[in-house]
Amino acid sequence: MENKLHITNSLSGKKELFEPINPPHVGMYVCGPTAYGDAHLGHARPAVCFDLIYRYMQHLGYQVRYVRNITDVGHLEHDADEGEDKVAKKARLEKLEPMEVVQYYVNRYHQNMDALNVLRPSIEPHASGHIIEQIELVKKIQEKGFAYETNGSLYFDIKKYSKDHHYGILSGRRLEDLMSETRQLEGQGEKKSSYDFAVWKKAQPEHIMRWPSPWSDGFPGWHAECSAMGVKYLGEEFDIHGGGMDLLFPHHEAEIAQSTVAYGKSPVKYWLHNNMVTINGKKMGKSLGNAISLFDIFSGENKLMEKAYSPMTIRFFILQAHYRSTLDFSNEALQAAEKGLKRLMQAMQTLEKLEVGNSSDFNIQGLESKCYEAMNDDFNSPVLISHLFEGVRIINSVNDKKASLSTTDLESLKQMMKVFTLEILGLQEEDTDGQDELISYLMDTLLDIRQNARKNKDFATSDKIRDDLAKLNISIKDSKEGSSWEFEK
RNA sequence: GGUCUCGUGGCCGAGUGGUUAGGCGGAGGUCUGCAAAACCUUUCACAGCGGUUCGAAUCCGCUCGAGACCUCCA
């Protein structure tokens, strides 16, 4: 394969040739979820996109260590219940252990991700399990003189950092712009400048997650976990760091600053950022109140949903857009994805029973090359999918005996379709309920009776069978070889 | 206000100086007892106005519009 993988590096804003620091090893760190609520469509996007990247890199022969963290520190504040004492008391009695909350949502997250056929990362570290590492990181920053203490909290000194480094290198910001910010931020009184960020926070009395440290009983700053865990598992400099575009600033910017100070080098070679899922043109977000949880999508239980959509439909929907573009949610778009996916997966089945012909009417090698070109061009899954649909057309024409494929070409096509559809895109057959033997046997019997009726031109009987089955959401498809059936969703 | 991104046909969504994206939908046809499925053909396009160019949806400028980040956020 002459084509080499090119990826868009947020650091340069350009597509760059991908060259791992220590081939064939690749280190990839992706910002994972904060475990305080169910995952929504917006969370599915980075998971699926980086799953695609993980899968493709492995396919190319790289040995990837994929780290995706669970954030469970710093955001889990004990909301003080307002109102009567009674309510507050009850809330306290029923209050769950923080780790119980985290475990609950992590389990649910895994359920969602498994359904989406997202591969589990190599390591899934919890921020709460790496407090010591984070304290060490903060110590280093303090030793280098880039942190100052106020009331037991430590803040990163951006002004000092900016003398020798460019804070804003990733998000294209300049210190002067940041300084001109007029915004009043909470806790700003403790900071020298509004744009400084906390590396250690002293815990307020109501804060339930707290650890001892040289500075105070508290918890690490919001950006410390990724720096500390990235270094721990991938080294002081690693290949890929990914996450949503909304994390570019300040989260990833802060990570660069922290690591640069602590370890003397910029931590990441390639920064990759996926774009947002939008709904009615606006970002889907928990705080915006327009987020639809994955459980709701899979069950259809949400007023914004016209019906339920299967996990594979969601996966396909996400892969049909390039990861750097926004993706707009709508029922219409999801239904289109659902139908397209069905056509693709049906062709995958048809592929298995294709018969070999004498000659070939298609250039399978060329098609395969195009698939690699698409993926090598910054993981362009939508273009890859368009080529796979070219494959679908080929499969169906051969099946219809309107074209033929030689033995070698048929084998290549099978190989290619499987590798790209199942292995790289990670699409899979949905579990169709009722595929057990009994139903299958009963269906065969019914179809047999119907076939006889058709032979005898007893269309009243054959149509009754078809219509009655249709009421059970079973559709019949006739072809020259016989009839087949499937559940309609 | 600052920084940045985007504006593609009925919908979603690629592409980016000259050649078909693709999916869904619509229309016509083939096949079928009729359907469905499948296949073939087909319709609809690059926000607006200028500029560069032999040639621009693609480059540049302006206008209009939308969005993201600047605060936890995937």
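Computation of the quantities below employed the complete heavy-atom set of this structure, encompassing side-chain atoms and omitting hydrogens, waters and symmetry-equivalent molecules. The sequence lines fix the lettering, A, B, ..., with proteins before strands; numbering per chain opens at 1.
- Taking the six-membered ring where the residue is Trp, the centroids of A/Phe379 and A/Phe50 are separated by 6.0 Å or more.
- Look at A/Lys282 and you won't find any side-chain N or O under 4.0 angstrom from OP1 or OP2 of B/A66.
- Straight-line distance between the C1' atoms of B/A45 and B/C12: roughly 14 Å, to the nearest whole Å.
- With distances taken from any side-chain atom of A/Arg454 to the nucleotides B/U32, B/C73, B/G22, the minimum falls on B/U32.
- The side chain of A/Phe249 lies closest to B/C70 when the candidates are B/C39, B/C70, B/C24.
- At a threshold of 4.0 angstrom between heavy atoms, the contacts of A/Leu248 with the nucleic acid are absent.
- Residues that satisfy the ring pair (Phe, Tyr, Trp, His ring centres under 6.0 Å) test with A/Phe197, not counting sequence neighbours, are A/Phe156, A/His223.
- Separation of the A/His130 and A/Tyr233 ring centroids falls under the 6.0 Å cut-off.
- A/Val30 comes within 4.0 angstrom of nothing in the nucleic acid, heavy atoms only.
- Residue contacts for A/Gly42: at a heavy-atom cut-off of 4.0 Å it reaches a base atom on one of the strands shown.
- With B/G33, B/A74, B/A38 as the candidates, the nucleotide lying closest to the side chain of A/Arg343 is B/A38.
- Residue-level contact check: A/Arg393 touches the backbone only, with heavy atoms under 4.0 Å from sugar-phosphate atoms and none from bases.
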*Would you check, one step at a time, whether the test salt bridge (Lys or Arg N to Asp or Glu O under 4.0 Å) holds for A/Asp361 with A/Lys402?*
CA-CA 10 Å; A/Asp361 298 312; A/Lys402 284 177 178 166; over 6 Å; no
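- Considering CD1 of A/Ile318 and CG of A/Leu425, their distance stands at 12.5 Å, rounded to 0.5 Å.
- Counting non-hydrogen atoms under 4.0 angstrom, A/Met245 reaches nothing in the nucleic acid.
- Residue contacts shown for A/His251 are absent, as no nucleic acid heavy atom lies under 4.0 Å away.
- The base of B/A37 is not paired with the side chain of A/Asp478 by any donor and acceptor separated by under 3.5 Å.
- Few gaps surround CG on A/Asp467; more than 12 heavy atoms of other groups in view lie less than 6.0 Å from it.
- The same atom, C1', is picked in B/G22 and in B/G1; the two are 42 Å apart, to the nearest Å.
- Nucleotides B/U41 and B/C46 place their C1' atoms 24 Å apart, quoted to the nearest Å.
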*What string of B, S and - do you get for nucleotides 4-19 of chain B 5' to 3' if you count protein non-hydrogen atoms under 4.0 Å?*
-------SSSSS----
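- Counting distance only, with no hydrogens placed and no angle test, the side-chain atoms of A/Lys402 and the base atoms of B/C40 include no donor-acceptor pair under 3.5 Å.
- Across the C1' atoms, B/G15 and B/U58 are found 9 Å apart, a figure rounded to whole Å.
- Base-pairing analysis of RNA chain B finds the following stems of at least three consecutive Watson-Crick or G-U pairs, with both pairing distances under 3.5 Å: B:1-7 with B:64-70, B:10-12 with B:22-24, B:26-30 with B:38-42, B:47-51 with B:59-63.
- Other residues, nucleotides and ligands contribute at most 12 non-hydrogen atoms within 6.0 Å of the CG atom of A/Asn280.
- Taking the P atom of each, B/C44 and B/C11 are spaced 15 Å apart, rounded to whole Å.
- Within 4.0 Å of A/Lys283, counting heavy atoms only, lies at least one base atom of the nucleic acid.
- Mapping A/Lys457 and A/Ile385 onto RNA chain B via the closest heavy atom, the residue that lands nearer the 5' end is A/Ile385.
- Put simply, A/Asn396 has a side-chain N or O that comes within less than 4.0 Å of OP1 or OP2 on B/C39.
- Between A/Glu373 and A/Lys370 no salt bridge is recorded (no basic side-chain N to carboxylate O distance below 4.0 Å).
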